[in-house]
Amino acid sequence: MKILVVGGGGREHAIACALARNSETEIFSVMAKRNYGISSLAKGVHLCGETDVNGIVSYAQKKGVEYAFIGPEAPLEAGIVDRLLSAGIESVGPTRSAARIETDKAFCRDMMELHRIDGCPKYRVFHNPHDAISFIHDHDGDLAIKPVGLTGGKGVRIMGEQVDRAGAIAYVKSLSSGVVLEERLIGEEFTLQAFVDGTHMVPMPLVQDHKRAFEGDIGPNTGGMGSYSMPDHMLPFVSDKDYKKALAIMQSTVAAMERTGHPYKGILYGQFMNTSDGPKVIEFNARFGDPEAMNVLPLLSSDLSDIVRAITRRSLAASQITFEQKATVCKYIVPAGYPDSPNAGDPLTVDTSSGALMYYANVEERNGKLSTLTSRTLAFVGIGPTLEEAERIAEQAASGVRGRVRYRRDIGTGSLLEQRIAHMKELR
Ligand code: AMP
Ligand code: GLY
């Protein structure tokens, strides 16, 4: 199989690694900036903007690729899948209209409400900032404030936690887009990712990401500082009933998209808040999570190339797809000052003796020397029979990095897990 991987971050490195496990799969890559991990696996690399649809399609045609795997959301919004399809190339990734599930938060909530899909918080969409501001003025209680469009995971502000009423109003004033205001959900977050072929859906192991910049879940939101998964593919604060409900929400969403003429093909990412009242949808993403892809893809024991074929032929079946029963812990190394004022150009060295997998993200590599850029730098993934073992491996790798970088030590630790379990018990 000849396949084009679009995107140049840690997530796309993990996708390329999973594809490369089949020695007959030829990987081509388009990315904005050279990712050393991806380019060392690829037969060809084309450097261009991730939303340069013309550049990407003509490179794909020149190389004669048959399939594309779209990593990030921006090219989906730019209509990359529609354009590749016109050129006879099938993608793992939704068309522009189906990708609105992520790229337009108002579309997502309205779709859930219209089709009476469970787990939709109370929400209101405002296209005019004045109306949003007067709603905030009169509103009693907390609110999640979400710009309608893409924000790289950094656009949500919680009134009542991160900002007060005046801060919420100032934030809405600063936005150039419409806004969704919704009920603040309280609980524990988890991610459920699934392969989807338009009709059939096959779930992957549950993962918990950590969006906040600092230990103890404080500080600004980031793209994700790290994540973990458990050997049984569940999380100890998600009951069987919660899991079944989350799965049913995802399945109803896939069915609704198909019914309305926007069949969803690709990776569906469900971000849930497990509340006292069961799982509610924080958002859907139209792609793998970053870092969550790094937890599930190394455990995939089936051939990702076969799954790509099945997705594009609408023949996906759960019996084709298995994941190893192991725990994973992913820790991201980020530049000093990330996310508000990240310091680029700082040299760093890694210690490769830990046995962790290492994924290149936003990092410069020159003559074997690494230095930071402005976003997440490198991800280390520990895999083991227990969470403790997986965490030990990831921690050893992350703590072995020398340079002006930092990471969250608490991700994947037993004490953090105990806190999550206690929080859920307290809510129920
Ligand atoms: P998103 O960009 O939608 O992934 O949101 C970023 C983060 O904001 C999520 O991971 C949650 O921690 C938080 N968040 C988003 N929506 C809500 C909500 N309705 N209630 C509470 N927290 C939320
Ligand atoms: N880890 C969150 C995301 O990929 O959106």
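Treat the numbers as computed from the prediction; the structure is a model and nothing was measured. One-based numbering, in listed order, for ligands and for the atoms of each.
- When only interatomic distances are considered, the shortest N/O to N/O separation between Q271 and ligand 2 does not fall below 3.5 Å.
- We find that R428 and D242 are joined by a salt bridge, their nearest charged nitrogen and carboxylate oxygen being less than 4.0 Å apart.
- The shortest N or O to N or O distance between R287 and ligand 2 is under 3.5 Å.
- Using a distance-only test at 3.5 Å, with no hydrogens or angles considered, no donor-acceptor pair links the side chain of R406 to the main chain of I333.
- With sequence neighbours excluded, no residue forms a ring-ring contact (aromatic ring centres under 6.0 Å, His included) with Y123.
- Relative orientation of the F190 and F272 rings is parallel, given thresholds of 30° and 60° on the angle between their planes.
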*asked:* Between F126 and F135, does the ring pair (Phe, Tyr, Trp, His ring centres under 6.0 Å) criterion hold? Intermediate values first, please.
replied: CA-CA 9 Å; F126 294 93; F135 182 87; 5.4 Å; yes
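- For ligand 1, one of its N or O atoms has an N or O atom of E182 under 3.5 Å away.
- Taking distance alone, with nitrogen or oxygen atoms compared against 3.5 Å, D209 approaches ligand 2 more closely than that limit.
- Checked for salt-bridge contact, R287 and E77 miss the test: no charged N lies under 4.0 Å from a carboxylate O.
- For ligand 2, none of its N or O atoms has an N or O atom of R11 under 3.5 Å away.
- Y228 pairs in a side-chain contact (heavy atoms from CB on, under 4.5 Å) with only one of the listed residues (V207, V329, T413, L206), which is V329.
- The shortest heavy-atom distance from S227 to ligand 2 is not under 4.0 Å.
- Contact check on R376 versus D290 returns a salt bridge, with a Lys/Arg side-chain nitrogen under 4.0 Å from an Asp/Glu carboxylate oxygen.
- Residue contacts with ligand 1: L185 is placed with a nitrogen or oxygen under 3.5 Å of a nitrogen or oxygen of the ligand (distance criterion only).
- Here the rule is salt bridge (Lys or Arg N to Asp or Glu O under 4.0 Å) with E391, and of R408, R409, K331 only K331 fits it.
- The atoms of ligand 2 that sit less than 4.0 Å from any heavy atom of E292 are 1 (N), 2 (C).
- Residue contact check: A144 has heavy atoms under 4.0 Å from atoms 17 (C), 18 (C), 19 (N) of ligand 1.
- Residue-ligand proximity: E183 is placed with a non-hydrogen atom under 4.0 Å from ligand 1.
- Ligand 2 has at least one atom lying under 4.0 Å from a heavy atom of G289.
- With hydrogens and angles disregarded, no donor-acceptor distance shorter than 3.5 Å links the side chain of R109 to the backbone of A106.
- Using a 4.0 Å heavy-atom cutoff, K146 is listed among the residues neighbouring ligand 1.
- Within the listing of ligand 1, atoms 20 (N), 21 (C) sit less than 4.0 angstrom from a heavy atom of R184.
- In summary, R420 and E426 do not engage in a salt bridge, as defined by a charged side-chain N under 4.0 Å from a carboxylate O.
- When non-hydrogen atoms are compared, ligand 1 lies under 4.0 Å from the side chain of V156 (C-beta onward) but not from its backbone.
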Could you list the donor-acceptor pairs under 3.5 angstrom formed between side-chain atoms of residues 354-362 and any protein atom two or more places apart in sequence or on another chain?
residue : atom : partner : partner atom : Å
S354    : OG   : A356    : N            : 3.1
N362    : OD1  : T374    : N            : 3.2
N362    : OD1  : S375    : N            : 2.8

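- Ligand-side atoms of ligand 1 in range of E189: 9 (C), 10 (O), 11 (C), 12 (O), range being under 4.0 angstrom from any heavy atom.
- Residue G223 approaches ligand 2 through these ligand atoms, each under 4.0 Å from one of its heavy atoms: 1 (N), 2 (C).
- Considering backbone and side-chain N/O atoms, E283 comes within less than 3.5 Å of an N/O atom of ligand 1.
- Looking at D209 against ligand 1, nothing comes within 4.0 Å, counting heavy atoms.
- When side chains are defined from C-beta on, R157 counts as touching V163, because their heavy atoms get closer than 4.5 Å.
- Each of the atoms 4 (O), 6 (C), 10 (O) of ligand 1 lies under 4.0 Å from some heavy atom of K211.
- Atoms of ligand 2 lying under 4.0 Å from any heavy atom of Y269, numbered from 1 in the order shown and given with element: 1 (N), 2 (C), 3 (C).
- Residue N285 touches ligand 2 through its side chain alone, judged by heavy-atom distances below 4.0 Å.
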